[in-house]
K.L.:
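Right, I'll just put the structure down here and ask away after.
Basis for what follows: all heavy atoms, side chains included, without hydrogens, waters or symmetry-related copies. Proteins get letters first, then strands, A, B, ... in listed order; numbering begins at 1 in each.
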Amino acid sequence: MSEQELIRRNSLNELIRLGIDPFPPQTFEVNAKASEIKSGFPGDPSLFQQVSMAGRIMSRRIMGAASFTELQDESGRIQLYIKRDELCPGEDKTLYNTVFKKLLDIGDIIGITGYVFITQMGEITVHVQSLRLLSKSLRVLPIVKEKEDTVFDAYTDPEQRYRQRYVDLIVNPGVREVFVQRNKLVNSMRNYLNNKGYLEVETPVLQPLYGGAAARPFKTFHNTLEMTLYLRIANELYLKRLIVGGYDGVFEFSKDFRNEGMDRFHNPEFTQMELYVAYKDYEWMMSLVEEMVEKIAFDLHGTTVVQVGEHQIDFKRPWKRFTMYEVIHHFTGATIDGMDEESLTALALSLDVPIDKTMAKGKIIDQIFGEKCEPYLIQPTFITDYPIEMSPLAKKHRDKPGLVERFEAICNGKELCNAFSELNDPLDQRGRFESQMELGKRGDDESMVLDEDFLRALEFGMPPTAGLGIGIDRLSMIMTNSPSIQDVLFFPQMRPEKKISE
RNA sequence: CUCUCCGUAGCUCAGCUGGUAGAGCAAUUGACUCUUAAUCAAUGGGCCGCAGGUUCGAGCCCUGCCGGGGAGACCA
């Protein structure tokens, strides 16, 4: 244990010896937050003559018989002024001289009462009349200081920030704000969907067969049933069963799990919102996405323009729309309409796009798109009409053979959502599953598996349906200008620590 | 999985061609009743990520391992 931790434990014992419970059980009534005081006091000082606040001590400036301290609550920080003879009006000055000056530390959680005033230096400050320890802190916080927007000794080590997110949240106020924004985003989306009358549902995370996307799953085992189960990679097939069951619009915010690599755009568990609406097609769904995301941008920022890294991204409707073939032609000059696998392979090689033998026609096209087009699409753009081979759950295009009615929205060079007119022909669907199994035999370990129960559901009849999956983490990154997915997840996946120091 | 950078006090970081470990903040003791990166004086605090090797001698050089960042591969 470090020297400072030992000193804090001694202080803890000293407090107990003085009859002060370092972790008292009673509630502490709070009637004011730091930000409310700062914004409200100049307008009406009379409202803040008897405030009661709780929070964490973040700095201390002791000048003999008077001190300034910064208290941090959920809303922010405010300065406290503590005067010995007011905190301890009688003979006994222990509370100030010993408890406050010696035994309390940065990081301790206290409750105070007092009145608000403005110091000679012009800072809104709470003049403390009573002070109570609410929780003793035994570990030393990183000390971050700031003056005129310059931050000193910023707590920036990514490993520590993610492993000890609680410290990150205490010390870096901007981090708490990111997650508030993420919550606003989810609420905005949920409200939008609720207002349309769609039903929010929950479907299984543990699935006997994984489906609805192309990805490797996590595998687990149920002891009582003695069977292998998979953590869902998507919830698509369950939501479609509910459309078969008669709901006209269902959606789910779902944690999905994919056993793939990790980088700043991928975490093994991530959040998607999937939506299915009966009697609609992908054209209709494109309009919904535009409207919904535009509304989210506006709800979060009061404008449709969002600063993301070096780019200003404008979500104002309508977004640009290109077919997959158009956009590949635009960026490479190649016309791939009608090309067979052989000439696509040759094209990929000539463009320096890496491919391998497991890739069939659809995947090669996707690879060319991913290498040569996607990274350059910064403003929100719809890419439509994908090759059928890579879209086994999407409906055949109404008038373009070999393609499906599918779109993705690309933004800041990354996929934001994936959607299609859902395939509801059970015979076609069975054929698609079978060709997926062919791809599996060829070596594609992400090809889909055949789900007989899902096919049975389709055989009962599913209305024509539009479906959407939208990545909540990705959208949060864009909306909060966060360069890494780890910045929008409280607890991103990490290797375990060797040991946690005692 | 490959390449690359990084790991030194509670935190942020110095540490030169290898020669007994340094600063600021934080802490301790003292002074100070409007300070704000408070100030002033004094003091303590280190398995230099771990393990091996080279060397008279390693924080520094070499090898392996652990953890992290970035870039690639895979994916959303």
K.L.:
Can you find a side chain N or O atom of A:Lys145 that sits less than 4.0 Å from OP1 or OP2 on B:A26?
P.N.:
yes

K.L.:
Charged N to carboxylate O below 4.0 Å: is that the case for A:Asp105 and A:Lys136?
P.N.:
yes

K.L.:
Under 4.0 angstrom, heavy atoms only, what part of the nucleic acid is A:Lys101 near: base, sugar-phosphate, or nothing?
P.N.:
nothing

K.L.:
Taking only residues two or more places apart in sequence or in another chain, which ones pass ring pair (Phe, Tyr, Trp, His ring centres under 6.0 Å) with A:Phe407?
P.N.:
A:Phe382

K.L.:
Please determine if a side-chain N or O atom of A:Arg474 lies less than 4.0 Å away from the OP1 or OP2 oxygen of B:A76.
P.N.:
no

K.L.:
Check nucleotides 33-35 of chain B against the protein and report each pair of N or O atoms closer than 3.5 Å, with its distance, or say if there are none.
P.N.:
{"from": "B:U33", "atom 1": "O4", "to": "A:Asp85", "atom 2": "OD2", "distance (Å)": "2.9"}
{"from": "B:C34", "atom 1": "O2'", "to": "A:Gln120", "atom 2": "OE1", "distance (Å)": "2.6"}
{"from": "B:C34", "atom 1": "O2", "to": "A:Gln120", "atom 2": "N", "distance (Å)": "2.8"}
{"from": "B:U35", "atom 1": "O2", "to": "A:Arg61", "atom 2": "NE", "distance (Å)": "2.8"}
{"from": "B:U35", "atom 1": "O2", "to": "A:Arg61", "atom 2": "NH2", "distance (Å)": "3.3"}
{"from": "B:U35", "atom 1": "O2", "to": "A:Gln79", "atom 2": "OE1", "distance (Å)": "3.1"}
{"from": "B:U35", "atom 1": "N3", "to": "A:Gln79", "atom 2": "OE1", "distance (Å)": "2.9"}
{"from": "B:U35", "atom 1": "N3", "to": "A:Gln79", "atom 2": "NE2", "distance (Å)": "3.0"}
{"from": "B:U35", "atom 1": "O4", "to": "A:Gln79", "atom 2": "NE2", "distance (Å)": "2.8"}
{"from": "B:U35", "atom 1": "O4", "to": "A:Thr119", "atom 2": "OG1", "distance (Å)": "2.9"}

K.L.:
Taking CD from A:Gln164 and P from B:G10, how many angstroms apart are they, rounded to a whole number?
P.N.:
13 Å

K.L.:
side-chain contact (heavy atoms from CB on, under 4.5 Å) with A:Leu6: which residues, sequence neighbours excluded?
P.N.:
A:Met1

K.L.:
Without decimals, in angstroms, what is the distance between A:Asn10 CG and B:G44 P?
P.N.:
19 Å

K.L.:
Partners of A:Glu200 by side-chain contact (heavy atoms from CB on, under 4.5 Å), sequence neighbours excluded?
P.N.:
A:Arg190, A:Phe251, A:Phe253

K.L.:
Choosing from B:A76, B:C74, B:A38, which nucleotide comes nearest the side chain of A:Phe270?
P.N.:
B:A76

K.L.:
List the residues meeting side-chain contact (heavy atoms from CB on, under 4.5 Å) with A:Gln181, not counting sequence neighbours, and say none if there are none.
P.N.:
A:Glu177, A:Lys184, A:Leu300, A:His301, A:Thr480

K.L.:
Mind listing the side-chain donor-acceptor pairs of residues 364-378 of chain A below 3.5 Å, one per line with the distance, residues two or more places apart or on another chain?
P.N.:
{"from": "A:Gln367", "atom 1": "NE2", "to": "A:Pro354", "atom 2": "O", "distance (Å)": "3.2"}
{"from": "A:Lys372", "atom 1": "NZ", "to": "A:Leu351", "atom 2": "O", "distance (Å)": "3.3"}

K.L.:
Using side-chain contact (heavy atoms from CB on, under 4.5 Å) as the criterion, list what pairs up with A:Phe152, not counting sequence neighbours.
P.N.:
A:Lys145, A:Lys147, A:Thr150

K.L.:
Is the CD atom of A:Glu291 crowded by more than 12 outside heavy atoms at less than 6.0 Å?
P.N.:
yes

K.L.:
Give a yes/no on whether any side-chain N or O of A:Arg163 is located under 4.0 angstrom from OP1 or OP2 of B:G68.
P.N.:
yes

K.L.:
Does A:Glu274 have any side-chain hydrogen bond (donor to acceptor under 3.5 Å, both in side chains) partners at least two apart in sequence or in another chain, and if so, which?
P.N.:
A:Tyr276

K.L.:
Using atom CG of A:Asp263 as one end and atom P of B:A76 as the other, report the distance to the nearest whole Å.
P.N.:
12 Å

K.L.:
What is the separation between atom CD on A:Gln486 and atom C1' on B:G67, rounded to the nearest whole Å?
P.N.:
13 Å

K.L.:
May I have the distance from A:Phe265 (atom CZ) to B:G70 (atom P), rounded to whole angstrom?
P.N.:
10 Å

K.L.:
Under the salt bridge (charged side-chain N to carboxylate O under 4.0 Å, His left out) rule, collect the residues that match up with A:Asp385, sequence neighbours excluded.
P.N.:
A:Lys400

K.L.:
Could you tell me the separation between the CZ atom of A:Arg8 and the C1' atom of B:A26, rounded to a whole number of Å?
P.N.:
9 Å

K.L.:
Is there a side-chain contact between A:Arg264 and the phosphate of B:G69, meaning an N or O under 4.0 Å from OP1 or OP2?
P.N.:
no

K.L.:
Return the residues of residues 146-161 of chain A meeting this criterion: a heavy atom under 4.0 Å from some atom of RNA chain B. Order them by number, or give none.
P.N.:
A:Glu146, A:Lys147, A:Phe152, A:Asp153, A:Ala154, A:Tyr155, A:Asp157, A:Pro158, A:Glu159, A:Gln160

K.L.:
Give A:Glu408 one of three labels, base, sugar-phosphate or nothing, depending on what nucleic acid heavy atoms sit under 4.0 Å from its own.
P.N.:
nothing

K.L.:
Would you mind reading off the distance between A:Ile62 atom CD1 and B:C32 atom P, rounded to a whole angstrom?
P.N.:
13 Å

K.L.:
Hydrogens and angles aside, do A:Arg232 and A:Gln272 bring a side-chain donor and acceptor to less than 3.5 Å of each other?
P.N.:
no

K.L.:
Could you tell me how far apart A:Ile143 (CD1) and B:G24 (C1') are, to the nearest whole angstrom?
P.N.:
13 Å

K.L.:
Could you label the plane-to-plane angle of the A:Phe179 and A:Phe490 rings as parallel, tilted or perpendicular, counting under 30° as parallel and over 60° as perpendicular?
P.N.:
parallel

K.L.:
Just to be sure I follow the notation: if a pair is Watson-Crick (purine N1 to pyrimidine N3 plus N6-O4 or O6-N4) or a G-U wobble (N1-O2 and O6-N3), each under 3.5 Å, what dot-bracket string does RNA chain B give, with | for pairs to another strand?
P.N.:
(((((((..((((.....[..)))).(((((.......))))).....(((((..]....))))))))))))....

K.L.:
Which of residues 372-383 of chain A sit near RNA chain B, with a heavy atom under 4.0 Å from it?
P.N.:
none

K.L.:
Under 3.5 Å, is there any donor-acceptor pair linking the side chain of A:Gln4 to the base of B:A26?
P.N.:
yes

